[in-house]
Number of protein chains: 2
Amino acid sequence: MIKTKKEKNNERSAVYNLGSRTFDCPIELTSTAINGKWKLLIIYRLSLQHKLRFSQLKKEVKGVSEKMLIQHLKEMEKDGLVDRIVYPVVPPKVEYGLTEAGRSFIPVLDMMRNWGLSFIAVEATT
Amino acid sequence: MIKTKKEKNNERSAVYNLGSRTFDCPIELTSTAINGKWKLLIIYRLSLQHKLRFSQLKKEVKGVSEKMLIQHLKEMEKDGLVDRIVYPVVPPKVEYGLTEAGRSFIPVLDMMRNWGLSFIAVEATT
DNA sequence: CCGTATCCTTAGGGATACTG
DNA sequence: CAGTATCCCTAAGGATACGG
């Protein structure tokens, strides 16, 4: 009763959609969604502060170039994980935030972060 | 009382070690650990069956080449996530399994998988 | 059976400069 | 401020063939 899709006797497996892409395997979907050197860090920053301007993100995601930042943001927008809000003012003001789907990833990211935390270096007591 | 490492007044941040690499940010560690087209799928397969031979992995991780499979396995072995057991028999027999650290990733992978599952395609009722 | 060894291609990403 | 537009370059990954 949990499976929501075609489980006829011929048992064709389900399909998962992210933006315009289609996946057979949910792990591959997730993997693709966060594929990109800075995406996890972007999501992390957006999870800490509900909305962030382009320039703020650039500062907080240390080391990212404008090119990669905008590129990743666009992909995540296409994938429905990130919202882009344009304020028609001058000078330009644009804010980025997580969508509902994006926010639903926060617990996953938290687990990834916690898993990383368990690799903390033990300090030699010199 | 939760932080386990140097929080003197000068507040130098903690450091995280994966294999021989060092990270300042736990998310970057996790991201690096699973970085590679097939790593998550390899972990997934090894989480379903405690031990798998090279040839079995090659079959179950559909599409992976021998080159990439062995390369990823070696990296994960270096990172302490995967165990490699060699049986001195002929023909050769080698089994791979998750280490303790590797198994500790299974709940994370489960969440990633579940998050992917939520993107299931809704079928048009034609 | 379990890998190595090459060769090759592409896409990801860095650096820099410019624009509405 | 918030991006574009180029150029460049490396490393990730595929294909194929061979070896203990």
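Chain identifiers are assigned alphabetically (A, B, ...) following the order of the sequence lines, protein sequences preceding nucleic acid strands; residue numbering begins at 1 within each chain.
- Legend: residues meeting side chain to side chain donor-acceptor pair (under 3.5 Å) with Glu95(B), ordered by chain and number and at least two apart, are Tyr87(B).
- Using cut-offs of 30° and 60° on the angle between ring planes, the pair Tyr96(A) and Phe54(A) is tilted.
- Using a 4.0 Å heavy-atom criterion, one finds that Tyr87(B) contacts no nucleic acid atom at all.
- Of the possible donor and acceptor atoms, none in the side chain of Gln71(A) sits under 3.5 Å from a partner among the backbone N and O of Met68(A).
- With rounding to whole Å, Lys37(B) atom NZ is found 14 Å from dA12(D) atom P.
- A distance-only check finds a donor-acceptor pair linking the side chain of Thr99(B) to the backbone of Gly80(B) [under 3.5 Å].
- Considering Val64(B), Leu41(B), Ile70(B), Leu46(B) as possible partners of Leu57(B), the one that fulfils the side-chain contact (heavy atoms from CB on, under 4.5 Å) test is Leu46(B).
- Salt-bridge check for Lys51(A) with Asp83(A): failed, with every basic side-chain N at 4.0 Å or more from each acidic carboxylate O.
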Inset, instruction - Check the pair Glu75(B), Lys78(B) against salt bridge (charged side-chain N to carboxylate O under 4.0 Å, His left out), reporting the backbone distance first and the verdict last. - result: CA-CA 5 Å; Glu75(B) 286 174 17; Lys78(B) 270 195 73 176; over 6 Å; no
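- Each end of the helix from dC1(C)-dG20(D) to dG20(C)-dC1(D) gets its own axis from five base pairs, and the two axes differ in direction by 50°, given to 10 degrees.
- Applying a 4.0 Å cut-off to non-hydrogen atoms, the residues of residues 16-36 of chain B that approach DNA chain D are Gly36(B), listed by residue number.
- Between Met68(B) atom CE and dT6(C) atom C1' there is a gap of 15 Å when expressed in whole angstrom units.
- Remark: the backbone N or O of Met112(A) is paired with a side-chain donor or acceptor of Thr30(B) at under 3.5 angstrom.
- Side-chain atoms of Thr32(B) come within 3.5 Å of backbone atoms of Glu28(B) as a donor-acceptor pair (strictly under, hydrogens ignored).
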Grab the N/O contacts between the protein and nucleotides 8-10 of chain D below 3.5 Å, and write none if there aren't any.
none

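- Using a 4.0 Å cut-off on heavy atoms, the residues of residues 69-82 of chain A that approach DNA chain D are Ile70(A), Lys74(A), listed by number.
- Rounded to whole Å, atom C1' of dC1(D) lies 16 Å from atom CD1 of Ile85(A).
- Using a 4.0 Å cut-off, no side-chain N or O of Tyr96(A) falls inside it from OP1 or OP2 of dC1(D).
- Asn114(B) places a side-chain N or O within 3.5 Å of a backbone atom of Asp110(B) that can act as its donor or acceptor partner.
- Remark: Leu73(B) CG to Lys39(B) NZ distance equals 9.5 Å, nearest 0.5 Å.
- Side-chain contact between Leu69(B) and Glu66(B): absent, with no pair of heavy atoms (C-beta onward) separated by less than 4.5 Å.
- Side-chain contact between Leu98(A) and Ile106(A) is present, with heavy atoms from C-beta onward closer than 4.5 Å.
- Side-chain contact between Phe23(A) and Val15(A): absent, with no pair of heavy atoms (C-beta onward) separated by less than 4.5 Å.
- Residues of residues 51-66 of chain B that place a heavy atom closer than 4.0 Å to DNA chain D do not occur.
- Within a 6.0 Å sphere centred on NZ of Lys93(B), heavy atoms belonging to other residues, nucleotides or ligands number more than 12.
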